[in-house]
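Start at 1 and go down the list; that is how both ligands and their atoms are numbered.
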Amino acid sequence: GSHNAVLSGMLAAEHVAEAIAGGRANDELASYEEAWRGSDIGKDLRKVRNVKPLWSRFGTIVGVGIGGLDMWLNTLFGFSPFGTLKHGKADYATLEPASKHQKIAYLKPDGVLTFDRLSSVFLSNTNHEENEPVHLIVGDMALQQRSEHDVFAGPSTRYCPAGVYEWVDKDGNAAADPSAKDVRFVINAQNCVHCKTCDIKDPNQNINWVPPQGGEGPVYQGM
Ligand code: SF4
């Protein structure tokens with residue numbers, strides 16, 4: 001994954017540079033889409049394209065087992081009896097209201113094998129200027145409270161690997177009770193490691209991740 005992320009970044013840079021040199025601006029880089037699909041990245045991903053849809057459909061034991069067989073068929077013969085499977089629904093649409101589930105009591109990090117999120121964010125060396133233009137945009141804050149918090153119990157506080165999102169009480173402390181009403185949404189954008197999970201996982205598609213101003217984010221070369 002990391003290898004392909006680097007390669008796709010290099011490919012994007014080449015196509016952007018070519019477009020700028022050609023005097024283009026504000027149009028779609030359609031050639032980039034074709035290029036990555038035809039590159040080693042596309043060939044690599046094509047072999048594994050059915051694994052997650054099979055996993056979602058048939059569960060861990062059967063789905064991953066068939067997924068393994070499918071990868072071998074793709075690797076050895078360049079063929080899958082399934083063709084290309086689609087996901088049943090978008091990732092955000094798989095979230096269900098908190099009232100349908102038991103609250104999970106997560107174990108506290110032990111500092112030996114498991115670590116708290118902010119210590120790991122520190123290691124990523126992520127850096128954003130304090131007055132940077134906002135790169136995590138919440139479309140409708142009232143909807144965020146009414147639905148993301150009140151109905152779904154604030155999943156952003158758990159799915160974000162960098163602890164960017166918090167629901168806090170009037171004293172600024174993390175709200176322990178998901179049903180509490182007197183809370184506000186805090187976005188610690190300076191911690192963002194640009195995984196884009198919020199963009200695909202927010203149940204209302206109310207959070208829009210956009211690229212931050214040039215060069216800001218994790219210091220990848222130091223990781
Ligand atoms: S992009 Fe990832 S790290 Fe950044 S706010 Fe969204 S979920 Fe958190």
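The side-chain hydrogen bond (donor to acceptor under 3.5 Å, both in side chains) search around R37 returns E33, not counting sequence neighbours. Scanning for side-chain hydrogen bond (donor to acceptor under 3.5 Å, both in side chains) contacts around D27 gives R24, with sequence neighbours left out. Under the rule for a side-chain hydrogen bond (donor to acceptor under 3.5 Å, both in side chains), S99 has no partner lying at least two apart in sequence or in another chain.
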Pair K201-D91, salt bridge (charged side-chain N to carboxylate O under 4.0 Å, His left out): steps then yes or no: CA-CA 6 Å; K201 197 69 183 170; D91 200 313; 2.6 Å; yes

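Among all protein heavy atoms, the one lying closest to atom 1 (S) of ligand 1 is K196 N, 3.0 Å.
The aromatic rings of Y165 and F185 lie parallel to each other, with less than 30° between the two planes, well short of the 60° mark.
Each of N206, D140, N204, D202 was compared with S147 under the side-chain hydrogen bond (donor to acceptor under 3.5 Å, both in side chains) criterion, and only N204 meets it.
Protein N/O/S atoms nearer than 2.8 Å to atom 8 (Fe) of ligand 1 total 1.
Remark: side-chain polar atoms of S8 are paired, donor with acceptor, to backbone N or O of N4 under 3.5 angstrom.
Here is the list of ligand 1 atoms found below 4.0 Å of a heavy atom in W209: 1 (S).
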